[in-house]
Amino acid sequence: MNYPHLFKPLDLGHVTLPNRILMGSMHTGLEDKASDFDALATYFAERARGGVGLMVTGGIAPSARGWLKPFGGRMSMPWHKPRHRKLTDAVHAEGGRICMQILHAGRYGYHPLSVAPSRIKSPITPFTPRELSAGGVERTIRDFVRSASLAREAGYDGIEIMGSEGYLINQFIAARTNHRSDSWGGDAERRMRFPVEIVHRTRAAVGRDFIIIYRLSMLDLVEGGQSWDEVVALAKAIEAAGASIINTGIGWHEARVPTIVTSVPRAGFAWVTQKLRGEVSIPLIATNRINMPAVAEQVLAEGCADMVSMARPLLADPDWANKARIGRADRINTCIACNQACLDHVFQNRRASCLVNPRACHEAELRIERTSQPKRMAVIGAGPAGLACATTLAERGHAVTLIDRSEEIGGQFNYAKRIPGKEEFHETLRYFRHRLDDLGVTVQLGQTASAESLQADGYDDVVVATGVTPRHVNFPGSDHPRVLGYLDVLARDATVGPRVAIIGAGGIGFDVAEFLAEHSPSPSTDVARWSREWGVDTTMSARGGLTPAMPEASDRQLWLLQRSAGRPGSRLNKTTGWVHRATLKHKHVTMLGGVTYQRFDNEGLHISIEGKTQVLDVDHVIVCAGQEPNRTLADELIALGVSAHVIGGADLAAELDAKRAIDQGTRLALKL
């Protein structure tokens with residue numbers, strides 16, 4: 001058997017799960033409106049068909065006070081059941097099982113109705129919560145129990161009680177957010193009474209033949225978090241109260257330690273789940289940055305957990321489990337943990353999707369159907385847009401030729417994969433290589449396509465995905481041999497001195513800064529080293545698992561500069577930008593905004609900020625000032641009267657926007 005630990009059935013007493021794969025909870029944006037539940041049912045059905053053992057929905061509030069945002073997903077009234085029945089029926093029709101996550105946001109609620117154990121404002125929301133009275137606490141427990149009972153009536157196989165990530169239950173448990181002196185606060189035993197009562201009363205209400213997963217915060221990563229002894233005591237009490245499984249929760253949303261971004265090592269927190277094994281007898285689930293079958297198998301084989309949870313990897317590839325089971329792991333479309341289309345979208349009140357799989361959460365509208373009129377198609381450019389378009393066209397049954405002047409596929413991905421912490425881009429290119437081969441796409445590398453040759457070949461359609469060209473910055477001395485472009489560094493391995501100024505503080509500028517500042521290999525390949533860098537206490541002797549960070553010093557002195565005023569990096573993605581800024585701060589990179597570039601000469605780079613001139617004594621200047629669309633071929637084709645469709649960077653150069661490029665390539669292929 002491929003991955004014998006991963007595909008070993010798990011007996012929960014009243015039900016046996018076919019494997020050890022949990023599709024973990026992740027909000028998609030489809031949970032909040034009844035009109036979106038048909039699309040949500042299609043989304044879950046595709047993943048049930050893909051072979052996961054058990055799924056958990058995005059967070060559903062047990063009351064309006066528990067909303068994440070106004071009018072968010074809720075299960076508190078009988079008339080909420082029919083919409084949820086669509087999900088459970090769709091999953092069960094595919095032979096799957098699904099639990100509903102009950103999540104009370106507490107002080108994380110982005111609305112004026114929010115409540116919490118104490119009147120303490122969250123640093124990530126603008127609303128100060130109202131402190132629950134003793135009667136309010138009892139009412140909230142009843143809300144959880146009612147929500148679980150309604151979930152059972154709606155056909156769910158179980159529930160997950162969200163007790164981690166800094167939401168309401170976590171707020172009761174931690175001394176930093178629970179300043180009560182009544183029977184719901186004070187010492188650790190009274191602080192943990194709230195979740196124990198929820199589990200105990202829920203079990204009494206739903207019976208023994210219903211799964212109750214409890215999401216336990218094992219590693220708070222905030223000051224004033226739980227001690228390890230308190231985590232263990234709570235786990236034992238939760239088991240005694242009737243939980244079926246304990247899932248691992250890592251970090252509060254306000255924590256300043258990254259937990260799910262791509263620079264976090266694979267299975268970087270499995271050690272904390274393993275530490276709890278033996279303390280309880282019910283199954284434990286490990287989570288965070290488990291994205292490939294070999295990683296999941298190792299977690300289970302080493303005794304870290306009884307089950308593994310993956311959310312975003314099932315966005316990236318709904319057939320993840322089936323591919324692993326039949327020995328086709330090399331065909332998995334791997335989650336690269338970029339957060340750009342999933343969490344970033346959710347925080348913008350947009351429907352979630354996936355950078356490498358734009359069909360995620362859009363399955364109902366982006367159906368891949370075989371064409372009845374196959375055509376000969378040429379796709380010029382094997383970057384993200386071209387790869388997505390070519391493979392989707394071929395999947396629909398068209399005869400596709402993919403042409404690129406480079407000797408390898410990938411385009412800008414070949415530069416991204418060299419950035420420390422972005423090694424997962426190798427997986428995306430591996431996936432596309434196999435996809436091209438499996439679908440019979442004719443791939444012509446190392447060839448430059450001309451408009452005349454494409455016209456002569458008589459293609460029915462030509463898709464131009466020729467990417468971008470770096471934007472040049474003109475200032476006195478910009479043609480100096482020690483002024484380099486980012487491609488000189490990332491593509492041509494130019495020698496770079498110990499003191500470097502980087503012009504441009506967008507995504508590329510930050511990538512180049514991290515490339516030059518980090519030691520090789522990067523900490524993202526070493527859990528112990530990464531934990532030291534970010535101050536994660538793997539001994540759990542400190543409350544919340546926090547210890548002073550010990551970042552490794554850079555061998556270079558770097559300046560990251562931008563023309564616009566304000567903080568460099570402020571326009572980076574919401575859920576990952578702060579990690580990049582913190583990383584460079586750890587490396588003592590000087591980041592400056594409002595910079596005017598005067599000249600570069602043998603003295604260095606002459607700049608002015610707010611009218612004050614200074615000279616940066618640097619060995620090299622690297623220009624990362626954006627890109628321009630490479631539309632030359634498209635314009636030539638149009639001049640010849642050839643039907644040309646322009647996608648990706650050739651259409652719009654906006655940093656290295658792979659999310660837009662892959663989405664655009666996929667959608668075009670579904671229309672042609």
Side-chain angles (χ1 to χ4, degrees), residues 3 5-10 12 17-28 44 47-48 50-59 91 96-103 157-165 167 170 211-219 235 238 243-251 259-261 264-277 280 282-318 320-321 324 332 334-335 337 339 342-343 352 354:
Y3 312 108
H5 294 85
L6 189 60
F7 288 97
K8 180 180 179 181
L10 179 62
L12 298 180
L17 303 179
N19 57 55
R20 306 300 178 101
I21 303 167
L22 176 81
M23 178 179 163
S25 172
M26 206 195 83
H27 211 72
T28 66
F44 277 118
R47 282 141 185 89
V52 296
L54 182 64
M55 294 183 286
V56 181
T57 69
V91 169
R97 292 182 175 84
I98 186 168
C99 295
M100 187 188 83
Q101 186 187 79
I102 305 176
L103 185 156
D157 300 284
I159 57 163
E160 178 174 75
I161 296 171
M162 182 47 145
S164 65
E165 266 70 16
Y167 293 114
N170 222 165
I211 300 170
I212 297 180
I213 306 170
Y214 183 83
R215 186 77 174 267
L216 173 69
S217 186
M218 297 188 195
L219 189 63
I238 291 297
S244 312
I245 310 172
I246 290 178
N247 196 359
T248 301
I250 302 293
T259 58
I260 57 174
V261 302
V264 175
R266 289 181 173 187
F269 296 101
W271 58 268
V272 73
T273 313
Q274 184 177 36
K275 191 175 178 66
L276 190 61
R277 289 200 88 194
V280 294
I282 57 177
L284 298 178
I285 304 173
T287 188
N288 288 42
R289 289 288 287 124
I290 300 169
N291 64 349
M292 287 297 282
V295 179
E297 178 72 11
Q298 183 176 2
V299 167
L300 298 172
E302 292 181 352
C304 297
D306 303 285
M307 200 171 188
V308 291
S309 173
M310 295 174 288
R312 296 170 302 161
L314 276 302
L315 281 178
D317 196 331
W320 192 102
I332 287 174
T334 305
C335 169
N339 294 352
C342 49
L343 291 179
C354 177

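Numbers for residues simply follow the sequence, beginning at 1.
A distance of 8.0 Å separates CG of Asn247 from OG1 of Thr273, quoted to the nearest 0.5 Å. Atom CD1 of Ile102 and atom OH of Tyr167 lie 15.0 Å apart (nearest 0.5 Å). In this structure, the separation between CD on Glu160 and CE on Met100 is 11.0 Å, given to the nearest 0.5 Å. Distance check: Arg266 CZ to Met292 CE gives 6.5 Å after rounding to the nearest 0.5 Å. Atom CD1 of residue Ile245 and atom CG of residue Leu12 lie 4.5 Å apart, to the nearest 0.5 angstrom. Here CG of Asn288 is found 6.0 Å from CZ of Phe269. Values are rounded to the nearest 0.5 Å.
For the side-chain hydrogen bond (donor to acceptor under 3.5 Å, both in side chains) test, no residue two or more places apart in sequence or in another chain qualifies with Asn19. Applying the side-chain contact (heavy atoms from CB on, under 4.5 Å) test to Ala267 and every residue at least two apart in sequence or in another chain returns Ala270, Ile290, Val295, Val299.
Smallest separation of non-hydrogen atoms from Gly50 and Ala321: O-CB, 3.4 Å. Taking both residues in full, the closest heavy atoms of Pro18 and Arg97 are given as CD-NH1, 4.0 Å, listed atom of the first, atom of the second, then distance. Nearest heavy atoms, Thr334 versus Ala316: C-CB, 4.1 Å. When every heavy atom of Ala235 is checked against every heavy atom of Ile246, the shortest pair comes out as O-CD1, 3.8 Å. The two atoms that bring Cys335 and Pro313 nearest to each other are CB-CA, 3.6 Å, heavy atoms only. Of all the heavy atoms in Ala48 and Gly96, the pair that sits closest is CB-CA, 4.2 Å.
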Would Val261 and Asn339 count as a side chain to side chain contact (heavy atoms under 4.5 Å, CB included) here? Give the steps. CA-CA 7 Å; Val261 302; Asn339 294 352; 3.7 Å; yes
Intermediate values then yes/no, side chain to side chain contact (heavy atoms under 4.5 Å, CB included), Leu219 and Thr259: CA-CA 10 Å; Leu219 189 63; Thr259 58; over 6 Å; no
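The shortest side-chain heavy-atom distance between Arg20 and Asp306 falls under the 4.5 Å cut-off. Taking the side chain as every heavy atom from C-beta outward, Met55 and Leu314 never approach each other to under 4.5 Å. With a 4.5 Å cut-off on side-chain heavy atoms, Ile250 and Val272 count as touching. At a threshold of 4.5 Å between non-hydrogen side-chain atoms, the residues Thr248 and Leu276 do not count as touching. In this structure the side chain of Leu300 never reaches within 4.5 angstrom of the side chain of Tyr3, judged on heavy atoms. At least one side-chain heavy atom of Ile159 sits under 4.5 Å from a side-chain heavy atom of Ile212. When side chains are defined from C-beta on, Leu103 does not count as touching Arg215, because their heavy atoms never get closer than 4.5 Å. Between Ile211 and Leu54, some side-chain heavy-atom pair lies under the 4.5 Å cut-off.
Side-chain N or O atoms of Asp157 include none that pairs as donor or acceptor with a backbone N or O of Cys99 at under 3.5 Å. With hydrogens and angles disregarded, no donor-acceptor distance shorter than 3.5 Å links the side chain of Arg47 to the backbone of Met23. Put simply, the side chain of Gln274 gets close to the backbone of Glu302: a donor and an acceptor are under 3.5 Å apart. Within the 3.5 Å criterion, the main-chain N or O of Thr57 finds a donor-acceptor partner in the side chain of Ser25.
Sorted by first and then second residue, the pairs that involve residues 288-297 and meet salt bridge (charged side-chain N to carboxylate O under 4.0 Å, His left out), not counting sequence neighbours, are Arg289-Glu424.
Side-chain contact annotation: Asn291 with Arg312, donor-acceptor N/O pair under 3.5 Å absent.
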